[in-house]
*Asks:* 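This is the structure I want to talk about, given as C-alpha cells.
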Amino acid sequence: MSEYFVGNKEFFKGIGKVKYEGPHSDNPFAFKFYDPEKIIAGTKMKEHFKFSLAYWHSFMGDGSDPFGEGTIAHPWETSDPLETAENKADACFEVTSKLGLEYYCFHDRDAAWEGDSPAESEKNLQTVTKMLKERQEATGVKLLWNTVNAFSHPRYANGAATNPDFDVLAQAGAQVKAALDANVTLGGENYVFWGGREGYMSLWNTDMKRELDHLATFLGMARDYGRKIGFKGNFLIEPKPMEPTTHQYDYDAATVLGFLRATGLDSDFLLNIEANHATLAGHTFAHDLQLAADAGMLGSIDANRGDLFVGWDTDQFPANAYDTMEAMLVVLKNGGLKGGGFNFDAKLRRNSTDPEDLFLAHIGGMDTFALGLILADKMMQDGRIDTLRKERYASFDSGKGSEFEKGNLNLEDLFAHAQHTGEPQRTSGKQELIENIINQVLFG
Ligand code: XUL
Ligand code: CO
C-alpha cells in the first residue's frame, strides 16, 4: 500500500506522490513547472494557486455524452449509496494527497445521495460530511467551496431559485441550507452559486423581472443564513452565458456585477470566473478576470478551457500556456484572488479511459498554470508592455485630461478644449509591437 494512502480503499495503486522534477524530466507522473515551494513574485507557487479538485468531474464524469453511454470505469461505484459515498471520499483524498492538490470542491449530490425528502437528503449529506471531515483532518486537504446541484433533478427543469413554482424554489432552499451547514462543519473557505437552470428558454412564458427579483431574495436568504451559522467566507457567483438554458441570468462577469450591485449583494458576493464560460460568452478568459478584478470582486477561478471549434462547454483541462499567462497577469496585478483558488472544473475526454489519465490531466493543468505564472512574472519584469499601455493614457495624466478624470469639467469645457486644440494627432495602438514583445519575452 502506498505511503500516501489515507482512506479505507486505495483506487489508484501504483501511482505515488507526484513530485516536481523540472522541465527536463521525462517522467509523465512528475511536475515539470509546478514547484510548490518555489517563490515567484514574492509568494510560494502553491499559495498563488490553492489548486482544487472538482468532485463531480473526477468521480462522477464517466465520459458519456448525448450520443453515447459512459466509457470511463468508476471502481468506486457500488449498488449501495453509502458505500459508494465512502469510496468516493477515499478516492478524493487519495487523488488530492498524491497530487498535492490542497483543496477540493463538491456539489451536495456528488458527495451524497438524494433521499426521499429534504430531511433525508440532509441526513445523507451529514453522514458524508462526517467522512469528509475525518479525511480532511487526516490529510490537511481543505474545502475550497461547496455548492448544490439544483439543476439535474427533473423538478428543476424550469429553474431552482427562478422557478415559477414556489414549491420548487423551496426545495432548492432546503438544499442550500443543508449545504451551508456542511460547509461550516468542514471549514469551507467559500460557497458557490452557479446558475444551473436559472434562466429561460422562451420569453413568451417567462416573467423575467419576477424571476430576477426571486433570485435576489433567495441569494439574500442564503447569505443571511450562512452568516447566522458562522460562515465567514465569500459567497461566489459563477457566470455562464448559456447551457443548460438558452438565456442564463448570470451571463458573464459584467452581467453578474451589475446584478450584484443593483441588488446590494455586492458586499457578500464575489465572482468565480470559469475560463470556458467566459469564452462561451464571446470573451477571453482574461477579459472576464479583468472585469472582476477591476471591480475588486475577483473571488476564485474555475480552471479549464474550451475548444474554440466547438460551441459548448467542453470543460477541458488547461493546456494552453499563452492563455494561462494572460490569466496570471491579471491575477498577479490584482494581488491574487480574494480568498479563492484554482479549481479544476475539468473533465477527461471521452476516449481518455485509463485510470492514470485523471492524474496526467491534473499534472498538465497544474503545470500549465505554473508556466503561466512564471511567464506572467517574466512579462511584468520586462515591463515594456505596461509602459506602452500607460503611455496611451498620458493625456489624462495632466492638464484638462486630468481635470476630466477628477470630474471637474462639463460638456461646454470639452467643446472649448476641442475648439482650441483642433484635429487631434493620430496615435498608434502599437498592437503589433506588443505582440512582438510577447513572443520575445516568452521565447527569446
Ligand atoms: C457548470 C459548472 C459547474 C459549477 C458548479 O458549467 O461550471 O460545475 O462550477 O456548479
Ligand atoms: Co464551474
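Counting starts at 1 for both ligands and their atoms, in listed order. The chain is numbered in sequence order, starting from 1.
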*Asks:* Shortest non-hydrogen contact from Leu203 to Met208?
*Replies:*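 Looking at all heavy atoms of both residues, the shortest contact is CD1-CE, 4.2 Å.
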*Asks:* Show the atoms of ligand 1 that are less than 4.0 angstrom away from any heavy atom in His107.
*Replies:*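 Result: 5 (C), 8 (O), 10 (O).
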*Asks:* Report the atom name of the nearest N/O/S atom of Asp302 relative to the Co ion (ligand 2).
*Replies:*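 Restricting Asp302 to its N, O and S atoms, the minimum distance to the Co ion (ligand 2) goes to OD2.
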*Asks:* Can you name the N/O/S atom of Asp345 that is nearest the Co ion (ligand 2)?
*Replies:*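 The atom in question is OD2.
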*Asks:* May I ask you to check whether Asp313 has an N/O atom sitting below 3.5 Å from an N/O atom of ligand 1?
*Replies:*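 Among all N and O atoms of Asp313, at least one is under 3.5 Å from an N or O of ligand 1.
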*Asks:* Taking the ring of Phe344 and the ring of His362, is the distance between their centroids below 6.0 Å?
*Replies:*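 Yes: the rings meet the under 6.0 Å criterion.
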*Asks:* Do Phe33 and Tyr20 have their ring centres less than 6.0 Å from each other?
*Replies:*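 No, ring centres 6.0 Å or more apart.
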*Asks:* Enumerate the atoms of ligand 1 whose separation from the nearest heavy atom of Asp345 is less than 4.0 angstrom.
*Replies:*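 Listed by number with element, the hits are 2 (C), 3 (C), 4 (C), 7 (O), 8 (O), 9 (O).
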*Asks:* For the Co ion (ligand 2), which N, O or S atom of Glu274 is at the shortest distance?
*Replies:*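 This residue's closest N, O or S atom turns out to be OE1.
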*Asks:* Just by distance, do the side chain of Asn146 and the backbone of Val192 share a donor-acceptor pair under 3.5 Å?
*Replies:*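 Between the backbone of Val192 and the side chain of Asn146 there is no qualifying donor-acceptor contact (under 3.5 Å).
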*Asks:* Considering the heavy atoms of Asp302, write down every atom of ligand 1 situated less than 4.0 Å from one of them.
*Replies:*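 Here the atoms of ligand 1 in question are 9 (O).
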*Asks:* Geometry only, no angles: is Glu274 polar-contacting ligand 1 at N/O separations under 3.5 Å?
*Replies:*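 Yes, at least one N or O pair falls under 3.5 Å.
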*Asks:* Is the distance from the ring center of Phe359 to that of Phe29 below 6.0 Å?
*Replies:*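 No, they do not, as the ring centres are separated by 6.0 Å or more.
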*Asks:* For ligand 1, which part of Val192 has a heavy atom less than 4.0 Å away: the side chain, the backbone, both, or neither?
*Replies:*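 It is neither; nothing of Val192 touches ligand 1.
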*Asks:* Evaluate Trp145 for polar contact with ligand 1, using N/O atom pairs at a separation under 3.5 Å.
*Replies:*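 Trp145 vs ligand 1: no N/O contact under 3.5 Å.
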*Asks:* Kindly say whether the aromatic ring centers of Phe151 and Trp194 come within a distance under 6.0 Å.
*Replies:*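 Distance test on ring centres: under 6.0 Å, yes.
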*Asks:* Do you know which two heavy atoms are closest between Asn334 and Gly336, and how far apart they sit?
*Replies:*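 Closest approach of Asn334 to Gly336: ND2-O, 2.8 Å.
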*Asks:* For residues 198-219, which residue pairs pass the salt bridge (Lys or Arg N to Asp or Glu O under 4.0 Å) check, not counting sequence neighbours?
*Replies:*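 Passing the test, one end in residues 198-219: Lys209-Asp213.
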*Asks:* With a heavy-atom distance limit of 4.0 Å, tell me whether Lys240 approaches ligand 1 through its side chain, its backbone, both, or neither.
*Replies:*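 Answer for Lys240: side chain.
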*Asks:* In Glu238, what N, O or S atom is nearest to the Co ion (ligand 2), if we give its atom name?
*Replies:*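 Going through the N, O and S atoms of Glu238 one by one, OE2 ends up nearest to the Co ion (ligand 2).
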*Asks:* Could you tell me if the ring centre of Phe342 sits under 6.0 Å from that of Phe49?
*Replies:*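 Centroid separation for Phe342 and Phe49: below 6.0 Å.
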*Asks:* Answer with yes or no whether His277 contacts ligand 1, where contact means a heavy atom under 4.0 Å from a ligand atom.
*Replies:*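 Contact present.
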*Asks:* Ignoring hydrogens, just give me the one of Tyr55, Trp194, Phe193, Phe151 whose non-hydrogen atom is nearest atom 1 (C) of ligand 1.
*Replies:*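 Looking at heavy atoms only, Trp194 sits closest to atom 1 (C) of ligand 1.
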